[in-house]
Amino acid sequence: MGLCGFRKICGAFLEIGSIFSDKENIMKTNIGYVDRAIRAVVGLIILVVAFVARSEWGIVGFFPLLTAYFGFCPIYHWLHISTFHPTPQ
């Protein structure tokens with residue numbers, strides 16, 4: 001890995017760190033209820049298929065499951081996307 005690749009990796013970690021350094025946006029919910037349900041189902045399907053096929057790719061299924069559980073997607077955060085609409089009370 002050259003110096004350029006190392007800088008890209010460091011930049012990615014700095015971007016991830018910025019999620020936690022912003023006091024107002026610390027893991028603010030940005031995934032709506034339908035989006036969460038779809039992610040949970042897709043994550044479970046990936047895990048089951050990977051388990052049956054005895055594949056290491058099952059690890060990929062944890063990303064949609066974790067984002068569904070926490071209601072926060074770092075990719076949505078970076079792209080300034082939110083499908084979450086709080087219900088009025």
Side-chain angles (χ1 to χ4, degrees):
M1 174 187 317
L3 187 58
C4 184
F6 182 73
R7 285 184 182 157
K8 287 180 183 177
I9 292 172
C10 289
F13 280 115
L14 289 174
E15 181 67 26
I16 291 169
S18 71
I19 294 171
F20 302 106
S21 65
D22 187 5
K23 297 293 183 198
E24 293 180 5
N25 272 337
I26 296 179
M27 304 237 337
K28 188 175 179 182
T29 301
N30 62 1
I31 299 176
Y33 300 111
V34 174
D35 197 356
R36 286 174 103 167
I38 292 170
R39 287 170 184 257
V41 170
V42 168
L44 287 173
I45 289 172
I46 292 171
L47 286 175
V48 168
V49 168
F51 180 76
V52 170
R54 297 186 185 270
S55 171
E56 301 86 24
W57 282 96
I59 294 171
V60 174
F62 284 110
F63 183 76
L65 279 178
L66 289 174
T67 57
Y69 179 76
F70 289 111
F72 176 80
C73 178
I75 296 171
Y76 277 15
H77 177 77
W78 294 328
L79 297 174
H80 302 286
I81 297 172
S82 179
T83 59
F84 178 72
H85 303 288
T87 55
Q89 294 182 5

Residue pair I81 / N30: nearest heavy atoms and the distance that separates them: O-CB, 3.9 Å
Shortest non-hydrogen contact from A68 toward R39: CB-CB, 3.9 Å
Close side-chain approach of D35 and F84, heavy atoms under 4.5 Å: no
Residue pair C73 / T67: nearest heavy atoms and the distance that separates them: CA-CG2, 4.2 Å
For the student: nearest non-hydrogen atoms of F70 and R36, plus distance: C-NH2, 3.7 Å
Cluster check F63, I31: I/L/V/M/F/W/Y, side chain < 4.5 angstrom: yes
Sole residue of V48, V42, V49 in side chain to side chain contact (heavy atoms under 4.5 Å, CB included) with I45: V49
Exercise: identify the closest heavy-atom pair between P64 and G43: CG-CA, 3.8 Å
Connected hydrophobic set around V60, excluding itself, where side chains approach under 4.5 Å: W57
Pairs meeting criterion side chain to side chain donor-acceptor pair (under 3.5 Å) with involvement of residues 46-55, two or more places apart: none
Neighbour count >12 (heavy atoms, 6.0 Å) for atom CG, L66: yes
